[in-house]
> 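Below you'll find the structure I mean.
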Amino acid sequence: MSLKEYKEKRDFHKTKEPAGKAIKHKGAKMFVVQKHHASHLHYDFRLELDGVLKSWAVPKGPSLNPKDKRLAVEVEDHPIDYATFEGEIPKGEYGGGHVIVWDKGEWIPPKNVDEQLKKGHLEFELHGEKLGGAWLLLRTRIPGAKKNNWLLIKRDDENASAKDITKEDKSVLSGVSMEELEAEMENPRPVKKTAKKSALKIKPQKKTKFLTFKDLKGPELAMLSETPPVGEEWIHEIKYDGYRTLCFKNKKETKLLTRSGLDWSNKYLEIQKECAEIAAESIIFDGEIVWLDEKGRSRFEGLQNSLEAHDSSELVYYVFDLLYLNGFDTRNLPLKDRKKLLREVLEQSDSEKILFSEHWDESGKSVFESACESHLEGIVSKNGESHYHSGRNKNWIKIKCTNIQEFIIGGYTMQENNISLGALLMGAYNKKGKLQYIGKVGTGFDAKTSKSLVSKLKKIKSKESPFDEKSPASKASIWVNPILVGNIEFGAWTGDKILRHAAFKGLREDKKAKEVYLEEVKIKKESVKEITKESKSEEVKLSHPDKIIYPGDKITKQDLSNYYTSINKWILPLVKDRPLALLRCPNGEGKECFFQKHIETDDMGILGKKVESKLKNKKEEIVYIDSQMGLQELVQLGTLEIHSRGCRVDEIDYPNQIVFDFDPDEGVKFEKVKEAAFALKEILERLKLKSFIKVSGGKGLHVHVPIAPKYDWEQIKSFSKSICDQMEREHPEKFTTNMSKSKRKGKIFLDYLRNGYGASAIVPYSVRAREHAPVALPITWAEAKKLKNANSYTLKSVPKLLNNRKDPWAGYNKLSQKIKILDQYKSLSA
DNA sequence: GTCCATC
DNA sequence: GATGGACAACGCTCA
DNA sequence: TGAGCG
């Protein structure tokens, strides 16, 4: 989409003038609100109408980028456009201009929304375009709320609500069927996911105009890995050693382009001719042009020789992807389907030079091994379900048998005779964008290539070293502009990131030096699982060790990491192998946080597991840890609170601990909370159950009861409910089991709901995301007697306290208590 | 913090 | 490259 | 039935 089209689409309500009418609202004020994002700072707007804070000003409007300083607001009598500010835009108020709002486009707020808005706690998005402008579809979200709400408002009736839409109204919903709309309101989902789900089936639905290389934004590229990925979704292809080439054919012309978009049709005349003859009106291929040796292996040297001789007769084009066919953009098809289509097309054409790149869907490991045995360069494993995405991503993974990589020539030395080339000084761009020296290459070129190299290098001589640092400064070094790219085969990397046993294999004329960077080896988790079991000592890198995550006490991420390291042996037995729920606050305590129960990581310490609840009849993906490393990785992810379920990952239907949470209302004396805990202790003792107590790190206390995993969640929940009910009956003035705030005045809320399927509670020894980093610390009942409050054990004080401490929860994990009354009930009902 | 999508 | 969104889930209770 | 609450 061009910028113009994008703007038109975004500003549809300005250009289309739909049922409602745009008016200028005189009393409007704009507020610029600074918002922190994990990786960047940006701004949002709020709009005040007649003194009432109404909304974000511009639906999906542009944010203010401190660099471009635009603001989508009409200023004075200028036409609606972006106002451009000079200099820094301060946080604050922007009044005096006009802000465009709809006359009847205001939504009917649900209860409390006005208040939420005043606090700035509500955001909404306008989805009017979907409904042709006659209606407003708003997605509202209250941070922390469980779901989005969709509000549909008819413009000409202020009191219209979503329910009032009749079948007749369908006509104005331009393009949106009633069913779709109902489905959307019923089951709201983020807009972008909608787009994802509407993936084309094998037959593309809509004709699109022919794509250009620019539309494509370049070919899809593979990530480097040391081992092939594991999983049925992966298919595996031979990795070719040639030039990546895209073929664009339409009625007018047939072009062969390099990966950077250069037209090399003339260099591959024979192939270009054959492509032109393909029996399709328009087509885009992605593949590799190679030269094959007598054994059918692609050899880069052969390709180079052919090109230098301007003879493409010996080259073939292995096509492995189809991006466009006869008017249809096929990039959104799953790879498997694209290759099916591609195979059909190529079978029809019967060309000897344009070949279908076969794939195998057996285990990646065996494909990789046989590829290496046949002295091929390696394999490329691709996710068969993935769409075609430009750029490097994890859907394509390359695994190499030998180490051949492209690097940049940053300089060279001559042999002593000063006639022939001594060594090439190689480099690659690192993450910082600097050219990093990676060693010299003094072999692999014969007299002829040496000569041609020298003549090429002389032309690009430069006075200064192009290398960042660590550069091989010596009198003999001759620097060059770092624009030539060479193919280098090497044995291994040294610890200092220098090549060992490197040999020159030829220049890569299709690659720009800017594209050559140090590739990080991305290893898929599945393929290294066996390794991780043995190499648990691996350390976890903290991305920002000095980042302050508890601003009140200047506690850094490193401090948190150190905390868990020092109390590792205390927390691990209580947290390992339990399904987790994490409270993550990447920007620290007091900043925006979110809960998370499912994570995909490539990290090795955070484990995922597919579990199935037989009793709940549902499958889910859970996260757990079983090592110190896992704990460290949680820290790295910005986890401030670790919560767990009361069960083990392999028995999710049967909890092995019960948790009672005593949560006092504002103003309740802590003594009372202690009394409650001790009252519970007594009840439990009467039931012959041993219990353990911990401070919550907040205001309350938690009592844990380890049990045998033989009762299901329903049993445990009703058991704990009955106990809490009993306490409430005995002392209704002290306790309540009712969570509602109004009925909690001056009482302690007995929360038995931690004991339900999927519910979780704070893990003992976890820190809390509150000021001073309090810890949910296990204590003895004797200590509880003297306790003054529940939040004075902190990240700073706990490690010292634990020194030489006798485990207050000794035997917790070994205790497998039975609950008699449940057993009795069971035998009764049986 | 990380991934991803959209521009 | 800049920007922005998602990242849980479920039962209870009250209006 | 939806919102608020853990």
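If you're wondering where the values come from, they're calculated on a predicted model, not measured in any experiment.
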> Toward the 5' end of DNA chain C, which comes first, Thr737(A) or Lys597(A), by nearest nucleotide?
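First, find each residue's nearest nucleotide; the 5'-ward one identifies Lys597(A).
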> Does Lys217(A) put a side-chain nitrogen or oxygen below 4.0 Å from OP1 or OP2 of dC7(B)?
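Lys217(A) to dC7(B) OP1/OP2: no side-chain N or O under 4.0 Å.
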> Considering only atom C1', compute the distance from dA8(C) to dC5(D) and round it to an integer number of Å.
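Here dA8(C) and dC5(D) have their C1' atoms 15 Å from each other.
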> Round to the nearest Å and state the distance from Arg754(A) atom CZ to dC5(D) atom C1'.
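Answer to the nearest Å: 10 Å.
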> Return the nearest nucleotide to the side chain of Pro586(A); candidates are dG1(B), dC7(B), dC12(C).
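So the side chain of Pro586(A) is nearest to dG1(B).
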> Any side-chain N or O of Ser740(A) under 4.0 Å from OP1/OP2 of dC5(D)?
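Answer is no, no contact under 4.0 Å.
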> Give the rounded distance in Å between these two atoms: CD1 of Ile549(A) and C1' of dG1(B).
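Roughly 12 Å, once rounded to whole Å.
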> For Asn738(A) and Tyr757(A), take the nucleotide of DNA chain C holding the closest heavy atom to each; which residue's nucleotide lies nearer the 5' end?
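Its nearest nucleotide lies further toward 5', so the answer is Tyr757(A).
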> Between C1' on dC3(B) and CE on Met223(A), what's the gap in Å once rounded to a whole number?
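Going from CE in Met223(A) over to C1' in dC3(B) covers 11 Å.
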> In terms of side-chain geometry, is the basic nitrogen of Arg744(A) or Asp663(A) positioned less than 4.0 Å from the acidic oxygen of its partner?
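The answer is yes: the pair qualifies as a salt bridge.
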> With respect to the phosphate group of dA6(C), does any side-chain polar atom (N or O) of Arg584(A) fall under 4.0 Å of OP1 or OP2?
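Negative; the distance criterion is not met.
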> Out of curiosity, His387(A) NE2 to Leu335(A) CG, how far, rounded to the nearest 0.5 Å?
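Separation between the atoms: 10.0 Å.
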> Would you classify Thr639(A) as touching base, sugar-phosphate or nothing, given that sugar-phosphate means primed atoms plus P, OP1 and OP2, and contacts are heavy atoms under 4.0 Å?
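No contact at all - Thr639(A) keeps every heavy atom at 4.0 Å or more from the nucleic acid.
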> Does a side-chain N-to-carboxylate-O contact under 4.0 Å join Glu589(A) and Arg584(A)?
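Salt bridge between Glu589(A) and Arg584(A), a charged N being under 4.0 Å from a carboxylate O: no.
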> Between atom CG in Asp751(A) and atom P in dA9(C), what is the gap in whole Å?
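Answer to the nearest Å: 19 Å.
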> So, does Thr556(A) use its side chain to make a donor-acceptor pair with the main chain of Asp559(A) at under 3.5 Å?
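Indeed, once roles are kept as given, a pair shorter than 3.5 Å links the two residues.
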> Looking at His598(A), does any N or O in its side chain come under 4.0 Å of the phosphate oxygens OP1/OP2 on dC7(C)?
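No, outside the criterion.
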> Within the pair Lys743(A) and dC14(C), is there a side-chain N or O less than 4.0 Å away from OP1 or OP2?
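Affirmative; the distance criterion is met.
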> Tell me what Arg744(A) touches on the nucleic acid: a base, only sugar-phosphate, or nothing, going by heavy atoms under 4.0 Å.
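Sugar-phosphate, no base atom in range.
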> What integer number of Å spans the P atoms of dT2(B) and dA9(C)?
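The same atom, P, in both gives a distance of 22 Å.
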> Touch check for Lys721(A), heavy atoms < 4.0 angstrom, all strands: base, sugar-phosphate only, or nothing?
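It contacts nothing in the nucleic acid.
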> Between dG11(C), dA8(C), dC5(D), which nucleotide has the shortest distance from any of its atoms to the side chain of Lys717(A)?
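The answer is dG11(C).
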> Using the benzene-type ring in the case of Trp, are the ring centres of Phe660(A) and His704(A) under 6.0 Å apart?
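For Phe660(A) and His704(A), the ring centres are not under 6.0 Å apart.
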> Below 4.0 angstrom from OP1 or OP2 of dT2(B), is there any side-chain N or O of Gln636(A)?
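It does, given that an N or O in the side chain of Gln636(A) lies less than 4.0 Å from OP1 or OP2 of dT2(B).
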> Output the rounded distance in Å from CD (Glu714(A)) to C1' (dG11(C)).
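For the pair Glu714(A) CD and dG11(C) C1', the rounded distance is 10 Å.
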> Does Arg259(A) count as lying over the ring of Phe213(A), i.e. NZ or CZ under 6.0 Å from the six-ring centre, within 45 degrees of the axis?
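Verdict for Phe213(A): no cation-pi partner in Arg259(A).
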> If you check every side-chain atom of Met739(A), which of dC3(B), dG11(C), dG6(D) has the closest atom?
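Looking only at side-chain atoms, Met739(A) lies closest to dG11(C).
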